[in-house]
Each structure stands twice: as structure tokens, then as C-alpha cells.
Amino acid sequence: MDATTAKERIEELRRQLDEYNRRYYVDNSPVVSDYEFDMLMHELESLEAAFPQFSSPDSPAARVGSDLSDSRPLTGSVREGFVQRPHRYPMLSLGNTYSIGEIEEFALRADKILQSEPFSYCCELKFDGVAICLSYKKGVLHQALTRGDGVKGDDVTANALRIASIPHRLHGDFPDELEIRGEVLMPFNAFRELNRQRELDGEQPFANPRNAASGSLKLSNPDEVAERGLICTLYHIPAQSVTFPTHSEALDKAASWGLPISENRKICRNIDQIKDYIHYWDSARRELPFATDGIVIKINELSAQRELGYTAKFPRWAVAYKFKAEQVVTRLESIDYQVGRTGAVTPVANLVPVQLGGTVVKRATLNNQDQMSLLDIHIGDYVKLEKGGEIIPKITGVDLARRGPDARLPEFPRNCPDCGTPLVREEDGARWFCPNADGCPMQIKGRIEHFISRKAMDILAGEATVAQLYEAGLVKSPADLYELNITRLTSLEGWQDRSARNFLDSLAQSRKVPFGRVLYALGIRHIGETTAKALAKRFGSIEALEAAGREELLEVRDIGEVIADSLSSWFADSAHRTEVQRLKAAGLQFSLAEGSTGRSSALEGKVIVISGNFSISREDMKTLIESHGGKNSSSVSSKTSFLLAGSKPGPEKLRKCESLGVPVIDEGQFRAMLPQQEVATAEGPAEGETAANGEETLVQLELF
């Protein structure tokens, strides 16, 4: 390659990698696989080494990928509510490879440089999360920073304090000052639940647990962070800051101080032991409850680490071996365009069925028009398919060599595929929307499905029931549900007297759902579960909320201009106001209890975690706690007042309580804390109600 061609290719690679870095670190929406990204990065590194006259300190090959969106001054710089602060020591990334041969070369280089000093290797799992740096002073968590650009990071201390596995205070013989680094992860079960809820809310699902963890760590409301189920694992103390002889001993000591240290590490003496560790975890990692994408091999002796030192971007004493994601190639037959309850139009690829990761994959989300353009995807293409975080099928590329003459560029619809209304694209947005909110069948059905969902009104029905009721002309809005009777229901195919009565009983129970959940159930755009509760608590009634001016709305914590404008727009629509009046007439709760402070203050100031099965549903138990001044939390921390344990509580929560000294009480002890009128006989959930373990008790209709 001559210099002119090399310069052109280098510039092209830099543009590509900068865009991919932005999508990955800032937008949390990657558009290429890790493997493709790494191959492009290796190509750039090789070209810059071969043509050093074109090297630049601004090249992606010379700097750490950044989760910062700008480069404002360190002091007082705020982005999305986060101050950027400097790292005490540079927070670098790791060199990585997919080749065992390159791991052998790493070991040979270490042998050559450290020949006079015996050393070992510490092998660890490479976690697929978001990097974090924790600083403790006198045993108390002082600061938590993201990696940022390696020199400075976003201060996310308030959010880190809401991650259960991050201790607020150390115990034992900890040093006066400690800096330790690791990863914030979202376990698979929390990831599935989050994406399920996002899809119900008509929001874009996260591509993988790593992106979900990153997005969650940057939420503006720490209470929402606490609900995301994040965990933290720590694996590195900068060698400059400790006096232990080895990396592994430093981590053992950190574990004794109560820090969540990675457990699955192993000391290896030679390359053969390293290979055995890699081969074992390439299979065993699939049994872990969180995502891993490789193995990190570190020189264990800290004196050897200091001798080997660093490049501008990587430590020379560590390397990552990355597992290549399982990938298959299959043919794209067509693209459907689905309309969610918010009107967002999502392209979904229909594929020739193919086996991937133990399941048969027939469909994969393409997210939006921009991603389709970046992939240059055509109908009839052979596409590369992976599972994001071992869970979600994702198209990561196109096999251009197999593109046939009949392949055709898909046309993103200009009109709603369901109702035909011209689509609109929000300014600076990536998604197209159908503006016909009250006349588009898919949006109407989606909003009803949201209304009946477990975290909203908790009505015993599902997607198929909603579709049947809609097609029969019986339900066009949530208020229509409350006009159904047993005669109308049993006239429908598949409905019997028992199933109809169970459904109507669940409707009757929904009239007791508190105002905050009713507000969430209305499906106002950008109003999530936590925001709805905050608005209900602040304004007390739907009338007061409707009357609130924009400035008054902006005074509520975490209510920004987007949410304030969404509320104003929603209430300005007469159809929405009419719907609220119909729902009020049906008996739904559109105000808080008298005094707006709940039934009593018996639990005022108490942070309570619930686990297990109770005499009432988990949602009802949370409501009971809140109505008496308590605060629900999803995870145990040093701020937890007590764990309320029903039958079959989670063993991890119990172990966490034991380690932190958090009391555990049963339902009887809990009810004894409440005013006498609240003490009720414990009964199991009635048939058709939500089961106490949080999963719906399904009533089998003959139709479904």
C-alpha cells in the first residue's frame, strides 16, 4: 500500500471508529459487533505503525473510548447533570486479542523483560459492563467516577450509592484512602425485565446488558437506578496506591474490607495453565447470571507491573483475550414495520429460521432507519446474526459478497403501516412516529395493553385478549373495559362463565390501585412508573396536576422540559380529559388519600426491601408500605431498615442482610408495626389475582 492510499484508509477508519465509539459509549446503542470494531481498530493500529507520518494523538488508536460527550473544563463541567472530575491515576483500557497465539506472544515478552524476576499470572473473567472507579476516604465512599476519556470521568456517586453491592462504609483494617476499580453490570434477569417494560412502554429496548448498565448508571434519578438491579464487581487497585506484593493479595484484602471482589480468578504459572483457564470459561461462562466477553491475563506481581509500565492507552502488564460471539449467517426475507403504543415505528427483520445460541431465530429488531442505513441492508441479503449479551438476536452486518442481483433496498414507510397517517420524525431523533395517537389501531391496543399491565392496573388479560376485545368493537379505550359485563364477554369465542368472572373480578380489584399507578397506566409519553409516583405525591390529584403550570411542573425533582411539555400537551387534548372523566366515573383513584401522606406515618423514614411470597401481591405490599410512609427499595444496602421476608425469600438478599447486619422480619412482625386496623388475616391471592411472587396467575381461557 502506498502512502496516499494508506492516508485515505487511515482517515476513513478514524471516521468510522469515532462514530462507532460514540454509538457505543455515549448513545449506548452499538451498530457493529465487538469483533468487527476490534478488527477495524487493529487495522488502524497496523497502518499507523507502518506509516508513522500519519499518526495523531487524536486518533482512536491512541486514546480510550470515551463516554463523555464533550471536553469541557474539569471543574464545574456538567453534562446531563453530571460533573466531570479528574482521575487520580489514568483509567486506561486493555489491549485485546482473539488469538491464543497473541497471548503466547504476550507471555514471551513478559518472560524476556522480567527474566531476572520470577512472576505469575492472575487470570480473571472479563466482565461486559461499564467501568467504574470508587474512592474511599477513612472507609466511607467518597466518589464514584465513570471511565470517561481515561483522564476525567462523570461523577456518578449519588447513583453508585444506590447499587446494593457497593458498600457505603468499609470494615476492618482498611487504609485511610483507597481507590479501586471494577465494573457495573446488569444481570440477565434484570436486563430481560427492563427490556420487557421498555417494550410495554413503547421505548427502544437496550441492545445488550452492557448498554443497559451504562444507560442506567447515567440516570438522573438515583431512585430509578436503585430499581434497575445493577451489581458491581471490583478487580483492580492501582499498583501506585498499594504496598501488597501481588495483585491477587491486594484483592483478597479488599474483599476482607467488604468490597465485592471478583471470585473466579486463578493464579497461573505458565501459558498452558492460561490456555486451560480460557478454554474452561469459554464454555462455563454461559452458566453465569451476567455477561462476560473474555478473559483478562495480568502479571500478578505488582513490582513487575511497575517495571513493565504503560503505553499511552494500555498497561503493558495485562491483556484481554476476547471470546468471539457466536455468529451465524441467514437470509433476510422481508422487513415488517411495527407501531408501538407511543407511535414509534420499529423495523423488524424476518429471517430464514436459523439456530443460534441454542434457540431458533426467525426475527430480529433493526431499531430504526439510521441503523438500517449504516448496515446498508437490502431485502434478500445474507446477514450476520449474533445474540446481544447472549440474549437478543441482533443483525451486526451484511455478507456483501453474497448479495445477489435481486437484492433491493428497503423503503422505510412514509405513512403509518397500520393507519396510513403520514409519519413524522422528531427533531434530532432517530425514530419515526405516527402522530395519529387516538386513531391508530396498533397504538390504541398498545396503550390498553400498557394500562392493564402488572405495574399499572394489573388486570387479568394479555395481548390476545386486548386484540379480541378491540376487533369485536367492545374496547377502544381503557374506560371501555369498565363497561364490559359477563353477557358481552361470554358471547365471545373462547370465553366461559369462569374466565369472564375472573376477568371482571380483576377489573373490580383495579379500582383500588393508587393514584400514582393509575397516572402511570394512562400512558402519557415520558411518564414512567417513578415519575408518575413523584407527580402524584407532589400534586395529590389529577385536577391539581392538570392545573399546574409549566414552571410549577419544572419545580418537581427530575421533571425536565420534555416531561413538562408532554404533560401539558396530553391534558390539552379534550379526548384525554374525557377519558379521565370516564375512568373517574368507573371508580378509579385519581387522588391520594386525605392529607396526601398515606394512611399513617408508622413507617416514616424506613427503607424496606421485600422478598418472597406474602398474603397479598407484591405490588399491594409495596403500596401498603408507601401508604404508611415507608420507602420501597429493590436491593439491600447499608441504608436498608429491614428486609420484609415472606415465604421463599431470595437467598442472595438474605446473605446480603447477614453481611451488613440488616434485620430480617416476617409478615406478622411487619403488620404489628402498623395501626391496628391494618392488621389483616393472611390469605393467599384469590384466583385470577396477581401471585405474590410477582408473576401473574394465569387463568386458561379456552380461546388461548
Side-chain angles (χ1 to χ4, degrees), residues 12 15-16 19-20 22-23 27-33 36 195 198-199 201-207 327-354 356 361-386 388 392-447 463 467 525:
E12 180 186 0
R15 283 194 298 271
Q16 279 185 285
E19 173 63 11
Y20 294 157
R22 186 186 66 79
R23 293 276 185 151
D27 295 346
N28 295 309
S29 182
V31 293
V32 295
S33 69
E36 289 174 294
N195 267 356
R198 287 177 73 84
E199 288 171 347
D201 292 345
E203 297 177 3
Q204 189 79 35
F206 284 107
Q327 186 181 84
V328 294
V329 176
T330 189
R331 191 171 186 271
L332 171 64
E333 295 191 307
S334 63
I335 297 176
D336 291 336
Y337 297 90
Q338 298 181 341
V339 185
R341 73 171 177 88
T342 64
V345 178
T346 302
V348 178
N350 297 307
L351 309 165
V352 172
V354 63
L356 176 64
V361 177
K362 300 178 182 179
R363 290 160 67 83
T365 301
L366 286 165
N367 293 331
N368 53 54
Q369 186 181 24
D370 287 352
Q371 186 183 22
M372 292 168 63
S373 298
L374 279 168
L375 291 169
D376 185 29
I377 201 163
H378 286 53
I379 306 295
D381 273 343
Y382 284 86
V383 295
K384 301 170 186 176
L385 195 66
E386 295 180 5
I392 298 177
K394 180 179 180 179
I395 294 173
T396 59
V398 175
D399 187 349
L400 295 175
R402 298 178 68 181
R403 177 174 286 171
D406 59 337
R408 55 187 174 84
L409 195 66
E411 285 190 32
F412 203 93
R414 295 179 179 273
N415 295 81
C416 175
D418 196 39
C419 70
T421 302
L423 299 179
V424 296
R425 189 169 187 172
E426 289 189 332
E427 187 177 352
D428 299 326
R431 308 187 78 184
W432 288 88
F433 289 83
C434 169
N436 184 22
D438 297 313
C440 179
M442 288 301 297
Q443 292 188 63
I444 294 170
K445 287 185 281 188
R447 286 197 299 275
E463 182 180 344
R525 197 165 179 210

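Counting from 1, the numbers follow the sequence of the chain as shown.
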Peer 1: Would you compute the distance between atom CD of Q327 and atom NZ of K394 and round it to the nearest 0.5 angstrom?
Peer 2: 12.0 Å
Peer 1: Has D336 got a side-chain atom pairing as donor or acceptor with V348's backbone, closer than 3.5 angstrom?
Peer 2: no
Peer 1: If you compare all heavy atoms of D438 against all heavy atoms of R447, which two are closest, and at what distance to 0.1 Å?
Peer 2: OD1-NH2, 3.6 Å
Peer 1: Find out whether I377 and V383 are in side-chain contact, i.e. whether some heavy atom of one side chain is under 4.5 Å from a heavy atom of the other.
Peer 2: yes
Peer 1: L409 versus D376: any side-chain heavy-atom pair under 4.5 Å?
Peer 2: yes
Peer 1: Run D418 and K445 through salt bridge (Lys or Arg N to Asp or Glu O under 4.0 Å) and show every step you take.
Peer 2: CA-CA 12 Å; D418 196 39; K445 287 185 281 188; over 6 Å; no
Peer 1: Hey, could you give me the OG1/CZ distance between T421 and R414, rounded to the nearest 0.5 Å?
Peer 2: 15.5 Å
Peer 1: Does some side-chain heavy atom of V345 sit less than 4.5 Å from a side-chain heavy atom of C416?
Peer 2: no
Peer 1: I395 and side-chain contact (heavy atoms from CB on, under 4.5 Å): which single residue from L351, N367, T330 fits?
Peer 2: L351
Peer 1: With under 30° as parallel and over 60° as perpendicular, where do the rings of Y337 and F412 fit, or are they tilted in between?
Peer 2: perpendicular
Peer 1: Is the number of heavy atoms from other residues, nucleotides or ligands under 6.0 Å of E463 CD greater than 12?
Peer 2: no
Peer 1: On a heavy-atom basis, which atom in R425 and which in R431 lie closest, and how many Å separate them?
Peer 2: CG-O, 3.6 Å
Peer 1: Evaluate salt bridge (Lys or Arg N to Asp or Glu O under 4.0 Å) for R331 paired with D399, printing each intermediate quantity in order.
Peer 2: CA-CA 10 Å; R331 191 171 186 271; D399 187 349; over 6 Å; no
Peer 1: What closest approach, in Å, do R363 and N350 show between heavy atoms, and which atom pair accounts for it?
Peer 2: NH1-OD1, 2.6 Å
Peer 1: To check you understand the geometry: which heavy-atom pair defines the closest contact between C419 and G439, and what is its length?
Peer 2: CB-O, 4.4 Å
Peer 1: When rounded to the nearest 0.5 angstrom, what distance separates CZ in R408 from CG in D406?
Peer 2: 9.0 Å
Peer 1: Which pair of non-hydrogen atoms, one from F433 and one from T342, has the smallest distance, and what is that distance?
Peer 2: CD2-O, 3.6 Å
Peer 1: Minimum heavy-atom separation for P410 and H378, please, with both atom names.
Peer 2: CD-CA, 3.9 Å
Peer 1: I need the single residue from L366, D370, D381, T396 that forms a side-chain contact (heavy atoms from CB on, under 4.5 Å) with L375. Which is it?
Peer 2: L366
